[in-house]
Amino acid sequence: MIGNRSNRHGGVPLLVAVAVAAAGVLGILVVDHGPWSKPRVQPAATANYSTTGEAARAAGATVMPTEPKPPIEPAAPGPKPAHPANSTVPQ
């Protein structure tokens, strides 16, 4: 019975997967938080246009209002249901 045991070593694929995952996380950290990816915040005084519409017009675009959305459900045909004259319930 002792001779039937398998001599498999399952640790190598696990170590490869851990190494690939660690390299991926390290790569993401370097790309996202490296010294070259600092945000460049401009003060409001350096902005050329105060609204998106002004910037679009300056670029030569025509700014048009959006069309109104259609109602979610159309009104049901026929008469509307009647409401009771006295909505309070006698006690």
With sequence neighbours left out, write down each residue that passes side chain to side chain contact (heavy atoms under 4.5 Å, CB included) with Ile28, or none if nothing qualifies.
Asp32
What are the two closest non-hydrogen atoms of Ala58 and Tyr49, and how far apart are they?
CB-OH, 3.1 Å
To the closest 0.5 Å, what do you measure between CZ (Arg57) and OG1 (Thr52)?
10.0 Å
Check which hydrophobic residues are tied to Val63 through side-chain heavy-atom contacts below 4.5 Å, counting indirect links as well, and list them.
none
In chain order, what residues pass the side chain to side chain donor-acceptor pair (under 3.5 Å) check against Ser50, with sequence neighbours excluded?
Glu54
